[in-house]
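I have placed the structure first, in the form of structure tokens, so that the comments after it can refer back to it.
This one's a predicted model, so the numbers in the text were calculated from it and none came from an experiment. Residue indices begin at 1 and follow the sequence shown.
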Amino acid sequence: MATSHLLAAAAATSSSSATFRLPLRSLSSPPPSLALNRRRSFPVVCAADADAKETTKPKVPEKAPAAGSSFNQLLGIKGAKQETNIWKIRLQLTKPVTWPPLVWGVLCGAAASGNFHWTVEDVAKSIVCMLMSGPCLTGYTQTINDWYDRDIDAINEPYRPIPSGAISENEVITQIWVLLLGGLGLGALLDIWAGHDFPIIFYLALGGSLLSYIYSAPPLKLKQNGWIGNFALGASYIGLPWWAGQALFGTLTPDIVVLTCLYSIAGLGIAIVNDFKSIEGDRTLGLQSLPVAFGMETAKWICVGAIDITQLSVAAYLLSTGKMYYALALLGLTIPQVILQFQYFLKDPVKYDVKYQASAQPFFVFGLLVTALATSH
């Protein structure tokens, strides 16, 4: 990661299942300015003004789901129970359901390096790198994405913490800074721990954080363009954490850079999955997500095509380099994904998005590990 958004992007993503939601809604220039333009529905509280305002406790939103799950609330996915506990709300904003892809990316990078050993020190390094990529930088990515998506969420999911008023503007801004600085600090620590002359992990974290910011924030707001935004999200959820894990234990090689960039195209497809449920809000606010730009039917096929063609291309590459068994293993993990796409996603990408991702994406992430192990030999 460095990620997320690193380590960030994915999932900027939305609330879905514990898969690549990617999210990344795999990020830094400074987080949102404390003096942002005021919006009609969501006046921005500057840090200097926060203390002057009367502190009020969150109100339960009027349009909350009929029944909510505490488990969904802690994971940060739809169907969440309404909470007033500020720490649970803070956790919800970081969308823990989007952390595993970044953690897995670090694991793949460590495996691809060929230098990871099951020693206490190497395991400890990996855990710190995972904390940087997941809770810190992915949490930063998801929080800043929700901050800049508050107008869209007011249309699509008005009961979410920010549009509902369950957490104040000042509390959100504080969380963004704490997560960002924590992630960058861990990146610098890992460079020192690994004995790097050049702080590559810190710069990966910094670059990923910047990618997350321009993905969500104006004036660039990459997410306004379905192609560029979703590719950036895929890169932050797959490429960056992999690079961080590999740099921690070894060196980045050209073939790894090419393979992870190729996998980022699959990440683009996974990111599209999260766009279908937001069509109404995206169209209202002029965001050109692929479902808005091409319509639901065409976007469905772009989504599955990006995921499947990428994996078949990687399998062909492994076969061409004499790694037949790894290529066959990757092919074997791709076939169930195709079956589940027809069974769930292509039938109704809105109704079955969580079920599809929960059932299909484990095969995808194990395919990533197969590719990582293939490149380490």
(message) How close do Pro163 and Glu157 get, counting heavy atoms only, and between which atoms?
(response) CG-O, 3.9 Å

(message) Nearest 0.5 angstrom please: Ile162 CD1 to Trp147 CH2, how far?
(response) 6.5 Å

(request) Indicate the atoms forming the closest heavy-atom contact of Leu131 with Pro135, along with that distance. (result) O-CD, 3.3 Å

(request) Answer yes if Phe363 and Ile335 sit in the same cluster of Ile, Leu, Val, Met, Phe, Trp and Tyr residues linked by side chain heavy atoms under 4.5 Å apart, and no otherwise. (result) no

(message) Using the rule that Ile, Leu, Val, Met, Phe, Trp and Tyr join whenever any side-chain heavy atoms are under 4.5 Å apart, tell me whether Ile309 and Leu333 fall into a single cluster.
(response) no

(message) Ignoring hydrogens, what is the shortest heavy-atom contact between Pro362 and Val365? Give both atom names and the distance.
(response) O-CG2, 3.2 Å

(message) Restricting to ring-ring contact (aromatic ring centres under 6.0 Å, His included), what partner residues turn up for Trp118, sequence neighbours left out?
(response) Phe116

(message) Between Ser133 (side chain only) and Val103 (backbone N and O only), is there a donor and an acceptor less than 3.5 Å apart?
(response) no

(request) Spell out, yes or no, whether Trp301 and Phe294 are grouped together once hydrophobic residues are joined by side-chain heavy atoms under 4.5 Å, including indirect joins. (result) yes

(request) Please go through Met324's hydrophobic cluster and name the other residues, only I, L, V, M, F, W, Y counting, with side-chain heavy atoms under 4.5 Å joining them. (result) Leu319, Tyr325, Leu328

(message) Tell me if the CG atom of Leu220 is crowded by more than 12 foreign heavy atoms within 6.0 Å.
(response) yes

(request) Report yes if the distance between the aromatic ring centroids of Phe345 and Phe276 is under 6.0 Å, otherwise no. (result) yes

(message) Quick check for you: to the nearest 0.5 Å, what is the distance between Arg160 atom CZ and Arg150 atom CZ?
(response) 14.0 Å

(request) Using the rule that two of Ile, Leu, Val, Met, Phe, Trp, Tyr join whenever any of their side-chain heavy atoms come within less than 4.5 Å, decide whether Ile238 and Leu312 are in one cluster. (result) no

(message) Listing request: all side chain to side chain donor-acceptor pair (under 3.5 Å) pairs with a residue in residues 336-345, at least two apart in sequence or in separate chains.
(response) Asp308-Gln341, Gln311-Gln337, Gln341-Tyr356

(request) Indicate yes or no for a side-chain donor-acceptor contact from Ser216 to the backbone of Tyr213 under 3.5 Å, with no hydrogens or angles considered. (result) no

(message) If I compare all heavy atoms of Ile272 with all of Ala299, which pair ends up nearest, and what's the gap?
(response) CG2-O, 4.2 Å

(message) Taking atom CZ as the centre, does Phe198 end up with more than 12 heavy-atom neighbours from other residues, nucleotides or ligands that are less than 6.0 angstrom away?
(response) yes

(message) Check whether Lys300 reaches the backbone of Leu346 with its side chain - one donor and one acceptor, N or O, closer than 3.5 Å.
(response) yes

(request) May I ask whether Leu331 and Phe364 are part of the same hydrophobic cluster, defined by side-chain heavy atoms of I, L, V, M, F, W, Y residues being less than 4.5 angstrom apart, directly or through others? (result) no

(message) Set out, in order, the CA-CA distance, both residues' side-chain angles and the distance that settles side chain to side chain contact (heavy atoms under 4.5 Å, CB included) for Val106 and Leu102, then state yes or no.
(response) CA-CA 6 Å; Val106 171; Leu102 286 294; 5.9 Å; no

(message) With salt bridge (Lys or Arg N to Asp or Glu O under 4.0 Å) as the rule and sequence neighbours excluded, what pairs involving residues 106-122 come up?
(response) Glu121-Lys125

(message) Which residues pass the side-chain contact (heavy atoms from CB on, under 4.5 Å) test with Gln175, not counting sequence neighbours?
(response) Arg90, Leu93, Thr94, Thr143, Leu179

(message) Using the side-chain contact (heavy atoms from CB on, under 4.5 Å) definition, which of the options Ile176, Leu181, Val178 pairs with Tyr140?
(response) Ile176

(message) Which residue in the set Val273, Leu268, Ile270 passes side-chain contact (heavy atoms from CB on, under 4.5 Å) when paired with Asn230?
(response) Leu268

(message) Do Tyr148 and Tyr215 make a side-chain contact, defined as non-hydrogen atoms from C-beta onward lying under 4.5 Å apart?
(response) no

(request) Please name all residues satisfying side-chain contact (heavy atoms from CB on, under 4.5 Å) with Ala194, sequence neighbours left out, ordered by chain then number. (result) His196, Leu248

(message) Distance check, rounded to the nearest 0.5 Å: Cys303 atom SG versus Met296 atom CE?
(response) 12.0 Å

(request) Test side chain to side chain contact (heavy atoms under 4.5 Å, CB included) on Tyr326 and Leu330 and set out the steps. (result) CA-CA 6 Å; Tyr326 289 103; Leu330 181 56; over 6 Å; no

(message) Once rounded to the nearest 0.5 Å, what's the spacing between atom SG of Cys129 and atom CZ of Phe249?
(response) 7.5 Å

(message) Minimum heavy-atom separation for Leu373 and Ala111, please, with both atom names.
(response) CD2-CB, 4.0 Å

Got a list of side-chain donor-acceptor pairs under 3.5 Å for residues 251-259, not counting sequence neighbours?
unit_1: Thr253; atom_1: OG1; unit_2: Asp255; atom_2: OD1; d: 2.5

(request) Take Leu189 and Phe202 through the test side chain to side chain contact (heavy atoms under 4.5 Å, CB included) and record every step on the way to the result. (result) CA-CA 8 Å; Leu189 172 64; Phe202 172 80; over 6 Å; no

(message) Listing request: all side chain to side chain donor-acceptor pair (under 3.5 Å) pairs with a residue in residues 107-116, at least two apart in sequence or in separate chains.
(response) none

(request) Drop me the distance from Leu137's CG to Leu184's CG, to the nearest 0.5 angstrom. (result) 6.0 Å

(request) Grab the two heavy atoms, one from Ser212 and one from Thr141, that are nearest each other, plus how far apart they are. (result) OG-OG1, 2.7 Å

(request) May I ask you to check whether Lys95 and Asn145 show a side-chain donor-acceptor distance below 3.5 Å? (result) no

(request) For Ser289, check side-chain contact (heavy atoms from CB on, under 4.5 Å) against everything at least two apart and list the hits. (result) Asp275, Asp282, Pro291, Val292

(message) Would you compute the distance between atom OG1 of Thr371 and atom OH of Tyr263 and round it to the nearest 0.5 angstrom?
(response) 3.0 Å

(message) So, using side-chain contact (heavy atoms from CB on, under 4.5 Å) as the criterion, who are the partners of Ile265 when residues are at least two apart?
(response) Phe231, Leu262, Ala306, Thr310

(request) With the side chain counted from C-beta on, respond yes when Tyr317 and Lys323 share a heavy-atom pair under 4.5 Å apart, and no when they do not. (result) no

(request) List the steps and the verdict of side chain to side chain contact (heavy atoms under 4.5 Å, CB included) for Ile302 and Trp227. (result) CA-CA 11 Å; Ile302 293 175; Trp227 294 107; 3.8 Å; yes

